[in-house]
Amino acid sequence: MTATTALPADYSEAYAREEDIKWVVRDALTMTKRNLIAYVRIPEAAFFSSVQPIMFVLLFRYVFAGAINVPHIGYVDYMMPGIFVQTVAFGSVSTSIGLAEDLQKGLIERFRALPMSRSAVLAGRTTADLCRNVFVVALITGVGYLVGFRVHTGLMSFLGGVGILLLFAYALSWGFAVIGLSAPNSETAQVMSFPLLFPLTFASSSFVPVKTMPGWLQGFANHQPVSLVANSARALMEGKVALLGSGTVGATVVQALIWVVGLLIILSPLAVSRYRRVS
Amino acid sequence: MIDDLAVVARDLTKTFKGGTLALDNLSIEVARASVLGLLGPNGAGKTTAVRILTTIIKPDSGTAFILGTDVIRDPARVRSVIGLAGQNAAVDENLTGLENLRMVGDLNHLPRGEVKARARELISQFDLADAANRPLKTYSGGMRRRLDIAASLVARPAVLFLDEPTTGLDPQSRNDLWEVIENLVEQGTTVLLTTQYLEEADRLARQIVVVDHGREIAKGTPGELKARLGQTVLEIGFLDHEIAVRALGVLGQLGKIPPTRDGHLVEVPVDDGPKSALEALRVLDSAEIQPTTFTLREPSLDDVFLSITGKTTE
Ligand SMILES: Nc1ncnc2c1ncn2[C@@H]1O[C@H](COP(=O)(O)OP(=O)(O)OP(=O)(O)O)[C@@H](O)[C@H]1O
Ligand SMILES: [Mg+2]
C-alpha cells in the first residue's frame with residue numbers, strides 16, 4: 001500500500017461554510033440518500049411495513065365495516081382517510097428505530113466527529129421516512145380503490161389531503177427522533193413509541209365518529225391532532241359531508257395545520273438538542 | 001514551541017454518570033508529524049481521551065487544543081481538520097464500501113469529483129477493490145475495520161485519531177496499515193493512536209503515554225521506557241510452577257526492578273547482562289534449583305508495561 005496524502009489545505013474556509021444553508025441542505029440530502037438506499041436494499045422491511053396497512057384496510061373493510069354505521073357517507077370512504085393517518089403515524093416510528101440503530105452501531109459517533117451540519121442526521125432520517133410514507137400512502141390508495149374507496153372531490157383536493165397527512169407524520173418523526181436518541185436500543189425505541197400512538201390513533205375520529213364515544217373521551221378525541229388531521233384529509237378527499245355536520249372544511253384544515261406546524265416547531269429543536277447531548 | 005505541537009491536552013478529567021472516573025487530570029502532547037501511542041489496560045481511559053479530543057464528548061475540566069483550536073469552544077473547526085477511526089467500526093451495513101467512503105467524503109464537504117476519486121483510491125489502497133461494490137453486510141470483521149480506517153482518511157486530515165486500529169486485523173493487514181501510517185506521518189500527518197499491542201507502539205510511536213485508571217503512569221520514547229527496566233532481561237525457565245516460585249524468591253535481589261513470573265518462566269530485568277547471568281546461575285545453584293532454559297534478551301514494552309502496572313496487556 002502506498003499513501004498519498006498532501007498537507008491539509010486551508011481548513012478555515014470549510015469551517016466557515018459549515019452552517020451555511022447550502023451545506024445544511026446538502027448534508028441532509030446525503031443522509032436522506034443513505035437512508036433510502038437502506039430501505040431499497042432491505043426489500044423485506046419495505047414489504048412487511050406495507051403488509052400491515054394493507055391488512056388494516058382489509059380488516060376494517062370486511063370485518064368492522066358492517067358493524068359501524070356512519071351517517072351521510074359510506075364506511076369505506078370514511079375509514080380510508082383514517083387508515084392513511086394511522087399508517088403514516090405508525091410509519092414515522094421508523095425514525096426512532098433508525099436513529100436508535102445508528103446510535104447502537106456507533107455511526108452517530110462518527111457523524112459527530114465530522115464537519116457536517118448538526119441537523120443533517122435528523123433531517124436525513126425524517127426526510128427518508130417521509131419518502132417511505134409517500135410510497136405507502138400510494139400503495140394503500142391503490143388497495144383502497146380495489147375495495148371500493150372513491151375520492152369525491154378532485155385530484156388537487158385529494159393531494160392536499162395527502163399533503164396534510166404527510167406533513168403531520170413528518171412532524172411526528174421529529175418527536176420519535178427524540179425517543180430514538182433516548183432509547184438504549186432499537187427494540188426499546190419501538191416499544192416506547194407504541195403506547196403513545198395507540199391512544200392517539202384509536203381515540204380519534206380515524207375509524208369511528210367521535211360522537212359514539214363516552215362524553216369524557218369526546219373532549220380529548222375532538223381536539224387531538226390525529227382527529228383533526230383525519231377530519232381534514234376526509235373533508236378534502238370526500239367533501240364537506242364527511243365532516244358529519246360539525247365545522248367547515250377551511251376551519252378544520254386550519255386547525256390541523258396549526259397542530260402540525262406547532263408540533264414541528266416544538267419537536268425539531270428538541271430533537272436537535274437531544275442529538276447534540278447524546279453520547 | 002507550542003506551534004510544534006498538533007495536540008495539546010491539559011488536565012483532562014471526566015467522570016461518567018454512575019461515578020466512573022474515566023480520566024483523572026490526564027495531559028497529552030503530540031508533536032506535529034509524529035505518532036503518539038496511548039497505551040493502557042482495558043478501562044484505562046484511552047477511548048474516553050480520544051472521544052474528548054475528537055469533540056464527541058466534553059470533559060468535566062481541563063483544556064484541549066488541536067492545531068491551536070480549542071476543542072471545547074470551537075469544536076466545528078476542530079472537526080474539519082481531524083480524522084477518526086473509533087474503537088468499533090462505524091460503518092453503514094447497508095451501503096457498499098465505495099458508498100460508505102463517498103458518504104464520508106460528501107459529509108466532509110469535499111468537491112464532488114474529488115470524492116469519487118478519493119473513494120476509489122482508498123478502496124484499492126486498503127485492498128478492498130474486489131469488494132468495493134458489495135454491501136458491508138458481506139464484509140468480514142477485518143475488512144470492515146479496514147474500510148473504517150479508510151473512511152477516516154477520506155478528507156486527508158491533518159490530525160488522525162486511531163483507536164486500536166489494528167485490533168482484529170491479520171498480520172498482513174496489520175503490517176500494511178503500519179506502512180500507511182508511516183507514510184502519512186512522513187507527509188506531515190499527526191497521529192494519536194491507542195493500542196493494546198506494544199509491538200505496534202514500539203514500531204510506530206515517537207512518544208508513548210501509558211495510562212491506567214485515567215492517569216498517566218509513564219511517559220517517554222519507547223527507548224526511554226525500556227531503559228527504565230535496564231538493558232537486559234534474563235528469561236529463566238523451570239520444570240514447573242512450584243520451582244519457578246521458589247526461584248523468584250531467591251532471584252529477588254538481582255536487578256533494580258523485582259523479577260516477575262509467568263507460569264514456569266521467571267523474568268529478571270538487569271543492567272549488566274552477562275555478569276548478572278553468572279550471578280543468577282550461582283544463586284540458583286546454591287539454592288539447588290535447576291533451570292531448564294536460560295535466555296538473555298532485550299526488554300520489550302511488554303516488560304515495561306508489566307513492571308509499571310503489574311498487569312499484562314491482554
Ligand atoms: N459512556 C460511558 N458511560 C459510563 N462509563 C463509561 C462510559 N464510557 C466509558 N466508561 C468507563 O470509563 C472507563 C474508561 O473507559 P474507556 O473506554 O475510556 O477505556 P479504554 O482505555 O478505552 O479501554 P479498552 O482498552 O477496553 O478500550 C471505564 O471504566 C469505562 O467503564
Ligand atoms: Mg477503548
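In what follows, every heavy atom counts, from backbone to side chain, and hydrogens, waters and symmetry copies are set aside. Below, chains carry the letters A, B, ... as their sequence lines are ordered, and counting in each starts from 1.
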From Glu101(A) atom CD to Glu93(B) atom CD, the distance as rounded to the nearest 0.5 Å: 10.0 Å
Gap separating the NZ atom of Lys105(A) from the CG atom of Asp92(B), nearest 0.5 angstrom: 7.5 Å
Arg112(A) backbone acceptor or donor facing Arg79(B) side chain under 3.5 Å: yes
Intermediate values then yes/no, side chain to side chain contact (heavy atoms under 4.5 Å, CB included), Glu109(A) and Ile57(B): CA-CA 10 Å; Glu109(A) 188 103 348; Ile57(B) 54 173; over 6 Å; no
Ile108(A) portion near chain B, given a 4.5 angstrom heavy-atom threshold: neither
Residue part contacting chain B, namely of Leu107(A), when any heavy atom lies under 4.5 Å: both
pair Lys137(B)-Ile42(A): side-chain heavy atoms closer than 4.5 Å: yes
Close side-chain approach of Ile37(A) and Asn94(B), heavy atoms under 4.5 Å: no
Heavy-atom pair count under 4.5 Å with chain A, highest-scoring of Thr54(B), Val91(B), Thr55(B): Val91(B)
Among Asn88(B), Leu95(B), Leu122(B), Ile82(B), residue most engaged with chain A (heavy-atom pairs, under 4.5 Å): Leu95(B)
Atom group of Ala33(B) that falls short of 4.5 Å from chain A, counting heavy atoms: neither
Contacting region of Thr96(B) [heavy-atom separation from chain A under 4.5 Å]: both
Over 12 non-hydrogen atoms of neighbours within 6.0 angstrom of CD in Glu199(B): no
Arg274(A) atom CZ, neighbour heavy-atom count above 12 within 6.0 Å: yes
Thinking salt bridges, do [X] and [Y] make one under a 4.0 Å N-O criterion?
{"X": "Asp148(B)", "Y": "Arg110(A)", "answer": "yes"}
{"X": "Glu99(B)", "Y": "Arg41(A)", "answer": "yes"}
{"X": "Asp106(B)", "Y": "Arg26(A)", "answer": "no"}

Nearest heavy atoms of Gly106(A) and Ala90(B), plus distance in Å: O-CB, 3.3 Å
Stepwise side chain to side chain contact (heavy atoms under 4.5 Å, CB included) check, Leu107(B) with Asp27(A): CA-CA 6 Å; Leu107(B) 294 174; Asp27(A) 291 346; 4.1 Å; yes
